[in-house]
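See structure below.
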Amino acid sequence: MDIFSGLNPKQQEAVACLEGPLLIMAGAGSGKTKVLTCRIANLLAHDVPPYSILAITFTNKAAAEMRERVDRLIGPAAKSVWLSTFHSFCARFLRYEIEASSIYKKNFVIYDASDSKAVIKACLKELNLDEKQYAPSSVQAAISSAKNMLMGPRAFARSADSFFQQKVAEVYSVYAKKLQMNNALDFDDLLMVSVALLEEHQDIREKYQHRFHYILVDEYQDTNGAQYELTKILAAQHHNLCVVGDADQSIYGWRGADIRNIMNFESDYPEAQTVKLEQNYRSTQNILAAANAVIGHNENRKPKKLWTENPVGEKITSYLANDERDEANFIATTIMKQRTIFNAAYGDMAILYRTNAQSRVLEEGFMREGIPYTMVGGLKFYDRKEIKDAIAYLRVIFNPMDSVSLMRIINVPKRGLGDTTLAKLNAYALENEVSLFDVISSPEILSGIPGITARVRRPLEVFSTMIFDLVGSMEMLPLSAFVDRVLRMSGYIAELEREPKPENESRIENLKEFVGVAKDFEKNSDKSGEIANVENFLSHISLISDIDTADIDLDRVTLMTLHSAKGLEFPIVFMAGMEEGLFPHARTLLEPEEMEEERRTCYVGITRAQRKLYMTYARSRMIYGHTTTYLPSRFLAEIPDEYMERLVVRANSYGFANSSVVDQRGYGSSFQPKTRPSGSQAPGAGQSARQALQAMQGRNAAGMPITASPDVIRPDMDIVWKAGDKARHGKWGVGTIVSVHGSGEEVELKIAFPGQGIKGLMQKYAPITKADG
DNA sequence: GAACCATAGCTTTTT
DNA sequence: GCTATGGTTC
């Protein structure tokens, strides 16, 4: 057994220490995942039964990876280790135990953030509160943070010290009741209800306390109050609790994470042992020095210095762009240079940014250059209307009490049920405290409601018969076949097929992909040990995150937020939007604690890079349609010059002497200044890229994180172009060469793409090839 | 009841 | 500048 081979002494110490509380302070890139997997393997090697080990990770993907690694080290016993996120663990726990609460039934559904927002809006309406004064998102955040501190509606009302808080307390109380009526739990409930069950039921508590002899929690610095409490209860019997984390990487304070959980671990468990992992295996000395310099500016912090035996490496490069388009072009051309000059793969590179809104311009730039990319987050597969509808059907069939989902689909496809009808039915349901489904499925009730005519009763009867029918076949069919049946029987597909509009076609594609997701779930069920039924499938899709589905293995550039990048690493990293007000974000400028969290976020970003780091910022940026000027981020100034070279105007060899002042209209940058027919209206590079983006997002059903198709055409300097030739571009299709300028390395082509205007391209970067004309 | 048009609000970060 | 929402019109 070579569990210990390849580990340094500190790592070995952590892996060997199995009994009692253990705190592993693991700096960025210090081999934390390796230590965790080896430690689990070591437990198994000591004949600890796998089902008595509970390991909590931050994402489902991390859990799956860890399971695979343990499997490779020690074999199939890995399958029976409890290995998941807090939320998935709670969902599983509650499936077994929730009925003890006498509030929820075991076929509960899980509402995601947007479902829960819809419920909050309904509550505001019911309480006659103005959405402008009580922004649903703030109310939602307030309720969520209450739940993270394990406060129910009554406790919250007691602690409410402002008028706003009192109103929120009212909403909270109605909200909680509504969720119960729908037999639904939101994300925070998963934790809160689990803790409540464990606290109130001695038998359940003891059962799980005895079951889990060994507990490991990764990313402990990002646990919130509820997670802390849950961990504490579960570990109370055996005290074999190992937590791993890095206070410098705590970046989820806004979500209720409490950095004190890790800071106080040693006082919570006085007998705890502590192992510090401070040798970094990931980054160059320059990158690490920059990271240390930045994080050193935080006041509230235990000092710590990561070190490495890696080479010094290249300096960090900062680039001051004119605007966000110039920034995107710098990144795109740098990516191409890294590819052509240093032979870097697309998959070796990632762009990290503070806000999702920044991704659009970057995407447009990548599409112009034909760079394949994967975006994490943003417009999500599961946020699409047709997918949410499909999920709503499954939820109603699984849990007919779920009126929120029922309302969503009762008239989709159109069944001739208008708002007035539904309002009447809802009012009746609310007044008589029965579920909406009970109302519509009972002829006696329906005939007792004034204004419900036969014309409305007929479709309701057909609808509820269909649901009953589907409930009957739910257990009989394999999951994916059942999902397919639901989509067909409901008439959903038929409705989309009736009108052959392009967006309907893409919806059908997406629904096919959804059936594909169900099929994958079936296939993976033997690996994960989960039965592939509707129940587990619904939990699964509620709890998977974007980062879980992102296919980072493909050879594509990855675009994501700094938060999503936690735990990942890339040879080449770009941090975009390094501007005061964007990063650090404007809302944190006056809050010292939040500013420190921004700095930690910056630290996380820098330490993702293995070999080369670029940091870019723009003189001005379009925000809400207004051009805004920002100052460079303070984090840039916190990196000493000895580790960073600062570019202001891009060095270029194309003779664009005026590159920094080229384009006042905000189109393109020095890379494309000559592409427009002079004097005419700009061909609208942004416009066509956006259209291309939309078309692609619609068409590309397979890409669950939105991805560009990898149909890559490599630049080819051997072709001699002349006007009139036909060229095929990776993204724009076939166009006609309008003109050829320059020679050798600097051949510049103007190509007319039908419907998309004339594009100017440097041959050495252009992803084009000869097309038959 | 459905399609179209105007406007407000938006941008922190996510399980 | 974009998008989701709500209002108005047919």
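Within every chain, numbering begins at 1; the chains are lettered A, B, ... in the order of the sequence lines, protein sequences first and strands thereafter.
- A distance cut-off of 5.5 Å between ring centres, combined with a plane angle under 30°, leaves Phe58(A) outside any stacking arrangement with the base of dT15(B).
- Residue His585(A) has its side chain nearest to dT11(B) when only dT11(B), dT15(B), dG1(C) are considered.
- Met192(A) places its CE atom 20 Å from the P atom of dT15(B), with the value rounded to the nearest Å.
- Considering only the side chain of His563(A), dT13(B) comes nearest among dG1(C), dT13(B), dT15(B).
- If you take CZ of Arg415(A) and P of dA2(B), they are 12 Å apart, rounded to a whole angstrom.
- Residue Arg325(A) has no polar side-chain atom (N or O) positioned under 4.0 Å from OP1 or OP2 of dG1(C).
- Within the nucleic acid shown, Leu417(A) comes within 4.0 Å of sugar-phosphate atoms alone, with no base atom in reach, counting heavy atoms only.
- Between Asn356(A) and the phosphate of dT13(B), there is a side-chain N or O to OP1/OP2 separation shorter than 4.0 Å.
- For Arg587(A), there are no side-chain hydrogen bond (donor to acceptor under 3.5 Å, both in side chains) partners, not counting sequence neighbours.
- Comparing atom distances between the Asn411(A) side chain and each of dA2(B), dC2(C), dT14(B) picks out dA2(B) as nearest.
- Within 4.0 Å (heavy atoms only), Tyr252(A) reaches sugar-phosphate atoms of the nucleic acid but no base atom.
- Rounded to whole Å, the distance from CG on Asp218(A) to P on dT15(B) is 15 Å.
- Atom-to-atom, CD of Gln249(A) to P of dT14(B) comes out at 16 Å; the value is rounded to the nearest Å.
- Residue Arg255(A) places its side chain closer to dT15(B) than to any other of dT15(B), dT13(B), dT11(B).
- Using a cutoff of 4.0 Å between basic side-chain nitrogens and carboxylate oxygens, Arg92(A) and Glu530(A) are not scored as salt-bridged.
- Listed candidates were dA2(B), dT15(B), dC2(C). Nearest to the side chain of Lys414(A) is dA2(B).
- Note: NZ (Lys388(A)) to P (dA4(C)) measures 12 Å, nearest angstrom.
- In this structure Pro413(A) satisfies the side chain to side chain contact (heavy atoms under 4.5 Å, CB included) test together with Tyr393(A), Arg415(A), Tyr492(A), Glu495(A), sequence neighbours excluded.
- Note on Asp186(A) versus Lys147(A): salt bridge recorded, some NZ/NE/NH1/NH2 to OD/OE distance being below 4.0 Å.
- For the OP1/OP2 pair of dT15(B) and a distance below 4.0 Å, the side-chain nitrogens and oxygens of Ser88(A) include no atom meeting the criterion.
- For dT14(B), the OP1/OP2 oxygens have a side-chain nitrogen or oxygen of Thr561(A) closer than 4.0 Å.
- Taking the nucleotide of DNA chain B with the nearest heavy atom to each of Arg587(A) and Ala113(A), the more 5' of the two is matched to Arg587(A).
- Paired with Arg621(A) under the rule salt bridge (Lys or Arg N to Asp or Glu O under 4.0 Å), one option of Glu327(A), Glu324(A), Glu580(A) passes, and it is Glu327(A).
- For the pair Arg621(A) CZ and dC10(B) P, the computed distance is 20 Å after rounding to whole Å.
- Nearer to the 5' terminus of DNA chain B, by closest-nucleotide assignment, is the contact made by Glu594(A) (compared with the other of Glu594(A) and Phe187(A)).
- At a threshold of 4.5 Å between non-hydrogen side-chain atoms, the residues Tyr111(A) and Val119(A) count as touching.
- Atoms CD (Glu363(A)) and C1' (dC2(C)) sit 14 Å apart, rounded to a whole Å.
- Atom CD1 in Ile259(A) sits about 21 Å away from atom P in dT13(B), given to the nearest Å.
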